[in-house]
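Below, read A as the first sequence line, B as the second, and so on, with proteins coming before strands; counting in each chain starts at 1. Computed over heavy atoms, backbone and side chain alike; hydrogens, waters and symmetry mates excluded.
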Amino acid sequence: MTAATHDLLNNLNPQQLAAVTAGTGPVLVLAGPGSGKTGVLTRRVAFLIREMGLRPSGLVAVTFTNKAAAEMRHRIENYLGERQRGLQIGTFHATCARILRIEHEFTPYRQDYVIYDTDDQVAAVTQALGDLSIDTKKFPPRRILHAISSAKNELRQPKDYVPEDYFGEIVSRVYPRYQQILLSSNAMDFDDLLVQMVLALQNSDVLREKYQMKFEYVLVDEFQDTNTAQYQLVKLFGLPQNNIFVVGDEDQSIYAFRGADYRNVLRFRQDYPNAQVILLEQNYRSTQIILDVARAVIDKNTNRTPKALFTTREGGDAITVHEAYDDEYEARYVIEEIETLRRKKMTYNQIAIMYRTNAQSRALEDALVRANIPYTLVGGVGFYKRREIKDLLAYLRVINNPDDRISFDRIINTPKRGIGEKSLQEFHNYAAKLNLTMLGLLDKLAGIEKVALPARTVKLFAEFADKLRDWRQQATTGTLVSLFDTLTTEIGYNLYLLSISASPEEMREREENVAQLRGLLARADDDDIALSDFLADTALMSDVDEVVTDADKVTLLTLHAAKGLEYPVVFITGVENGFLPHFRSQEELEGEEEERRLMYVGVTRAKERLFLTYAFKRTSWGGSEIREKSKFLYDVPLELIADVPAGLKHDSQSTSYRQQTTWDSGGGLNRLKQDLSRIRSLPTTETPTEPADKAPVRAPNSAIRSKILPFPGSAKTQYQAGQRVRHPMFGEGAVIHSEMDGNDEKVTVQFTDRRYGQKTLLAHLANMTLL
DNA sequence: ACGCGCATTGTTTTT
DNA sequence: CAATGCGCGT
């Protein structure tokens, strides 16, 4: 490609051009899906540097995934070549981590601080709960952690934590202790990276001025997914000249569970009244039909700026909605369609299969393997979550930072070296009593006379101390790989792996993972990366970052992971109530609106073909469960659907969401037979399951657990339409509808308070009173 | 201290 | 159906 092809201002529509060439001051770009947002952002960066003469180090660009950052950097390189050296592009977390490493003296942490992932955090909370003698049964560490994390996202320190209920009381006691454990471990969790950065900037004029001078321009992608801490950070970096360029789309805000608040878009307009607002409404990605479907889904949301999304790609294929008998048939249907597309010269890497929860990938994977279709799975149980990887990284972390208590506790007896729970507790007690660090005590333990540990155990600790000393020595002199090799040999890790592996395949898999980790270390050696930086990089690496697009494989991923990506063909599977909207979303304020946005994100990933599938029943925890199609499907105008399933057609006439499928009547059998004969003709390596095993109409028998749900509406409900109720949080309201969902009663209530509107709640959780 | 087996229990999304 | 947790026996 020539330089001319890359001309910055070529092929831009007027709005895009305005965004790329905007002057100084705050700019808010509201960009619909497929409107060329990434292109605008990258050209803007290139424009500032090439045309406005800005130093590359004079701007900071933040994205939400490392992949997005890499993509941006790559594109900018095309425009600028070598001139982009020194450019700061990264996720919020990675950007903060890098700065904090340099500026650690403005924080209570040392330079070699480590980053705790979710598992480490849970371990630390459990530790704190133990220290405070709080029952982990009554107060699950994960819930406490969530509360702490929310507080941090709001920049609330332990001392500022105001409990609102009994659970909050507990949190307010655990939070400070948790923070203490992290600090003494010289460890930050993900949230701390943001919080400590904000605190450091707020507390030190010197530091703040340094970075405000340095960053003349601040650019933020996916602005609708920022939380309070991130918003403050942007604000602080941007002062005093406020050259802040943010790009976002309220309709694609899908990270509320980690504190993201799309209202930050509104707040931005309030905080910067002179901000230039640019709307990118032209979609270059999808056909009109797909956009119409997307709009139908999102239009039901209340708190949004209506956008006039349009595309020049008029028409297009109608979308396909398919009702499958169960999850297995759903998977087979997807495969059948993939084979058909393939015959029409579509390649595998043009196809993505999406779902709401990672667990749903299982059935799809099985089917793909059987059909011999190559695929890549994004996310799931990622590489860094594997036990062997976590073990070995914990060793490296302790070598890097011997204060890391969570990692220390993980490895002290892995592989088994005879130091049990009791001895370890005693060890920590001593350290606390003598006010020594773990390393300090390790070095001294053999010399202390009155130790309540048996001499044999003291000897075991001493042996470990000797090894640790050697490793730490080697870490400062040798390469990472040589350290790794010494380490794995000396602790006999292979033997240990063999002992924990249930099968030869499992052993082989684990060995491969270890080899892969060794490969990563080798690469770090090549790039001259220090141990602490390597550890930080791995901690901040997400599974989404590993998406490879060049290999000819079908991509499997969650709807969340799909954001920012696009595919000619998209399958969204499991479009059922309970998944989409997810049942847990009912408990959250505006939860359903977020689920709609999630569906919207999924739909708008598709360029040409969109398939929505759901199943009549689904296997879960061994039993099987009758499912109902997603309420969102009723919002899709029928004329946009190629082959409307009978159930959907009937239902759309009525106002209730009563379950209707073709599977619960005689017609279902015929449909199943048709499906079977079609599937039989598929080129699979395995013989299809016998239809007898799959008889669709079967009375619930004892073999099917009580999990099987009665048809909604069939059982007696406690609440009836028309009744007035009071909810402890949402206030008064009127019951619109109520039905039984298994053993739970689902009540839809229209609340008087406009902020809450209509909500569907579970009766036994909602704690409502009849008026 | 350790390992085995049984029981329980939880079930979203991710930097 | 996992994965984890607990109690018991060695």
> According to a cutoff of under 5.5 Å between the ring centres and under 30° between the ring planes, does A:Phe257 stack with the base of B:dT13?
yes
> Would you indicate, yes or no, if B:dT14 has its OP1 or OP2 atom less than 4.0 angstrom from a side-chain nitrogen or oxygen of A:Thr558?
yes
> Should A:Asn153 be listed as having a side-chain N or O under 4.0 Å from OP1 or OP2 of B:dT15?
no
> Tell me, please, which residues at least two apart from A:Asp119 pass salt bridge (Lys or Arg N to Asp or Glu O under 4.0 Å).
A:Lys390
> Quick test of your reading of the model: are A:Glu595 and A:Arg356 salt-bridged, counting only N-O distances below 4.0 Å?
yes
> By the 4.0 Å heavy-atom rule, please label A:Phe579 as base, sugar-phosphate, or nothing.
nothing
> Using whole Å, what does the distance between atom P of nucleotide B:dG10 and atom CZ of A:Arg142 come to?
13 Å
> My understanding is that only residues two or more places apart in sequence, or in another chain, count here; which of them pass side chain to side chain contact (heavy atoms under 4.5 Å, CB included) with A:Val247?
A:Val29, A:Ala31, A:Lys37, A:Leu41, A:Asp221, A:Phe245
> Using nucleotides 1-5 of chain B, report all nitrogen or oxygen pairs with the protein that are shorter than 3.5 Å.
{"residue": "B:dA1", "atom": "OP1", "partner": "A:Ser423", "partner atom": "OG", "Å": "2.9"}
{"residue": "B:dC2", "atom": "OP1", "partner": "A:Gly418", "partner atom": "N", "Å": "3.2"}
{"residue": "B:dC2", "atom": "OP2", "partner": "A:Asn413", "partner atom": "ND2", "Å": "2.9"}

> Using a strict 4.0 Å threshold on nitrogen-to-oxygen distance, state whether A:Glu592 and A:Lys631 make a salt bridge.
yes
> How would you label the contact of A:Tyr255 with the nucleic acid (heavy atoms, under 4.0 Å): base, sugar-phosphate, or nothing?
sugar-phosphate
> What distance, rounded to whole Å, do you find between the two P atoms, one in B:dT13 and one in C:dT4?
15 Å
> Between B:dT14 atom C1' and A:Ile115 atom CD1, what is the distance in whole Å?
15 Å
> Please identify each residue that fulfils side chain to side chain contact (heavy atoms under 4.5 Å, CB included) with A:Leu424, with sequence neighbours left out.
A:Phe408, A:Asp409, A:Ile412, A:His428
> Starting from C1' on B:dT12, measure out to CG on A:Asn358 and report it in whole angstrom.
9 Å
> Look at the side chain of A:Arg356 against the base of B:dT12 and say whether a donor-acceptor pair falls under 3.5 Å; ignore hydrogens and angles.
yes
> Output the single nucleotide from C:dA2, B:dT12, B:dT13 whose closest atom is nearest the side chain of A:His560.
B:dT13
> Answer yes or no for this row: A:His582 ring on B:dT12 base, centroids under 5.5 Å, planes under 30°.
yes
> For A:His560, give me all partners under ring-ring contact (aromatic ring centres under 6.0 Å, His included), at least two apart in sequence or on another chain.
A:Tyr255, A:Phe257
> By salt bridge (Lys or Arg N to Asp or Glu O under 4.0 Å), which residues pair with A:Arg410, not counting sequence neighbours?
A:Asp391
> In whole angstrom, give the distance that lies between atom OH of A:Tyr116 and atom C1' of B:dT15.
18 Å
